[in-house]
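The figures that follow rest on heavy atoms only: side chains count, while hydrogens, waters and symmetry mates do not.
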Amino acid sequence: MAAPAGGANPISVVNDSPMNARQWIVVVLMVVLNALDGFDVLSSAFAAPGITAEWNIERAALGIVLSAELVGMGFGSVLLGGAADKFGRKNTMLACLVFMAAGMWMAGHAQGVTSMVAFRFITGIGIGGMLAATNAVTAESTNVRWRKTAIAAYVAGYPLGAIIGGVAASEWLLPTFGWRGIFDFGAIVTAALIPVVWLLVPETAAYRASKGDLAGVNKTLAAFGKAPIDGLPPVPAAGKPKVTDILSNPRLRPVTLLLAFGYMFHTITFYYILKFAVQIVSDYPPGYPPPVAATVLTWANVGGFTGSLLFGFVMQRFGVKWPTALMLLIGSVAVASFGLGRDTIGAWQWATILTGFFTNAAISGYYAAFARGFPAYARATGTGFVLGIGRLGAAGSPIIAGALFQALGNDQLFVVSCIMALGSLASLVCFLMLPEREGDDLVAEGSHDPVTVPAGEPVR
């Protein structure tokens, strides 16, 4: 039976009703897309020793190459995150897949540092927009009971993609095709997902409701096995998906800025391991050939995948705030200890498993906080803004690390690692400053008023 006109809220329908098979298919596809992002972002790290050898570049120049897609991700998160609120989550995801496929293919045929930086920047634009859109789709396609778990699984997709990519790189792509084969492989898989997303992922009911599209809402609800509704809550003209709406809201602004800069500081630490571990293990005595060194990044992401998945259950039981703070603290210690060096490849692998576990668990905590931080009409815009600021840290991480190695010497691994670990400690301070208001909602899900929404669901 249709819900009463004028009082129907499709967000509440999705929130309060059981998950059906199509919703789980959407969640799985969002995990797959995030896994694709994980592989595409880290493809340059897998390829780093080969690029360094072929083009004879120093770590400082390599740092610029490794940061290029992260800079692009910052632009993509802000620009295409807003597009997801304006043109739809599904259309934005499809556009991002095109950017990613083109950038990966061109990177595989780059002939120098300048062209590689440009092509990785293009790839990063697609990845950044994809992250904002897929996080919104995951949150808006799941009910309240399973949302935190679904988001944790979604975040776990990122290291899962890196695990699969790492195995493929070390066992097949690097030995058979060289470093260029890594980018070509990523381009082909990315392009293959375009028709899958087109056919299987419906536009979210929350987005369609924010546009007053009743027919579209009912189409999505039908795909999810829900009863149709015969009316929507009014959509005030003030409901524009703009970053300024969030930053001008005196209640949401502090939460938004703390999340943005806290995430930025953590990504400085997070991407240090992800971007430089392979090169470090390849160079650090006794030194290992690129296919062997690449295995440490695979194991780092095994740790990250496990940490993200298990942390989802921890958040279900203990909330978000204090468990995430603990992960940030332990993660910083693990990254600093990485700088002590190791004598065997097995020891390096265990070191990266530990850093991956704790640093990626903290990423899961941040994503859970993002999903609760913005109303549906601006969720992708808000998430995109936070991710965009965060990408400043991600993009800066390999540049900072490369500059530190250049200034202090490649033998100063422990000093560099301790400095890079400070990012997670700064992030910890920001996360602990987030408001904790028992009983309040961070955002009234059905509200489209960027000024008068309540102050905040506790990040607890």
Side-chain angles (χ1 to χ4, degrees), residues 35-76 99-128 130-131 158-159 161-170 173-174 177-190 267 270-283 290-291 293-298 300-301 352 391 393-402 405:
L36 181 66
D37 286 349
F39 174 77
D40 286 359
V41 168
L42 297 181
S43 57
S44 59
F46 290 124
I51 293 172
T52 300
E54 182 173 325
W55 293 343
N56 192 29
I57 59 176
E58 300 293 332
R59 283 193 184 180
L62 179 64
I64 295 174
V65 172
L66 295 177
S67 70
E69 78 273 7
L70 299 172
V71 175
M73 286 167 70
F75 282 91
F99 270 97
M100 291 163 62
M104 289 291 286
W105 183 261
M106 291 187 292
H109 299 82
Q111 297 301 316
V113 170
T114 301
S115 60
M116 176 62 82
V117 168
F119 298 149
R120 294 301 289 162
F121 179 82
I122 292 171
T123 306
I125 289 176
I127 296 171
M130 181 69 77
L131 287 170
Y158 191 93
I163 293 168
I164 296 171
V167 172
S170 60
L173 295 171
L174 284 171
F177 302 104
W179 65 266
R180 295 181 185 276
I182 294 174
F183 296 110
D184 290 343
F185 174 76
I188 292 168
V189 174
T190 302
T267 57
F270 181 72
Y271 277 98
Y272 165 60
I273 297 297
L274 291 185
K275 287 296 190 178
F276 260 102
V278 175
Q279 189 68 52
I280 288 169
V281 174
S282 181
D283 291 345
T295 63
V296 300
L297 193 53
T298 303
N301 285 285
T352 52
R391 294 307 164 201
S397 178
I399 295 175
I400 294 169
F405 280 120

Worksheet item: Is there a donor-acceptor contact under 3.5 Å from the side chain of Thr352 to the main chain of Val296?
Response: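 A pair under 3.5 Å: yes.
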Discussion item. For Pro291, is there any backbone N or O sitting under 3.5 Å from a side-chain donor or acceptor partner on Thr295?
Written reply: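 Here the side-chain-to-backbone pair does not exist.
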Just to verify, what does [X] make a side-chain contact (heavy atoms from CB on, under 4.5 Å) with, not counting sequence neighbours?
X: Ala168; answer: Trp172, Leu173
X: Ala401; answer: Tyr272, Phe276, Met420
X: Thr114; answer: none
X: Trp105; answer: His109, Asp184, Ala187

Discussion item. Going by salt bridge (charged side-chain N to carboxylate O under 4.0 Å, His left out), name the residues that satisfy it together with Glu54, two or more places apart in sequence or in a different chain.
Written reply: Arg180
Find out whether [X] and [Y] are in side-chain contact, i.e. whether some heavy atom of one side chain is under 4.5 Å from a heavy atom of the other.
X: Leu274; Y: Asn301; answer: yes
X: Ile125; Y: Phe121; answer: yes
X: Tyr271; Y: Leu66; answer: no
X: Leu174; Y: Pro49; answer: no

Worksheet item: Taking only residues at least two apart or on different chains, which pairs with a member in residues 61-70 satisfy salt bridge (Lys or Arg N to Asp or Glu O under 4.0 Å)?
Response: Glu69-Arg120, Glu69-Lys275
Worksheet item: Excluding sequence neighbours, so at least two apart, what forms side chain to side chain donor-acceptor pair (under 3.5 Å) with Ser170?
Response: none
Fill in: Residues in side chain to side chain donor-acceptor pair (under 3.5 Å) contact with Thr52, at least two apart in sequence or another chain
Gln279
Worksheet entry | ring pair (Phe, Tyr, Trp, His ring centres under 6.0 Å) involving Phe39 - partner list, sequence neighbours excluded |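 Here the qualifying residues are Phe185.
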Item to complete: State which residues pass ring pair (Phe, Tyr, Trp, His ring centres under 6.0 Å) with Phe99; sequence neighbours excluded, sorted by chain then number.
Response: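 For Phe99 there are no ring pair (Phe, Tyr, Trp, His ring centres under 6.0 Å) partners, ignoring immediate neighbours.
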Discussion item. As an exercise, state the distance from CG of Asp40 to CE of Met130, rounded to the nearest 0.5 Å.
Written reply: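 These two atoms lie 9.0 Å from each other.
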Worksheet item: Knowing that exactly one of Val189, Ile164, Ile127 qualifies, which makes a side chain to side chain contact (heavy atoms under 4.5 Å, CB included) with Leu36?
Response: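 That would be Val189; it is the only one of Val189, Ile164, Ile127 passing the side chain to side chain contact (heavy atoms under 4.5 Å, CB included) with Leu36.
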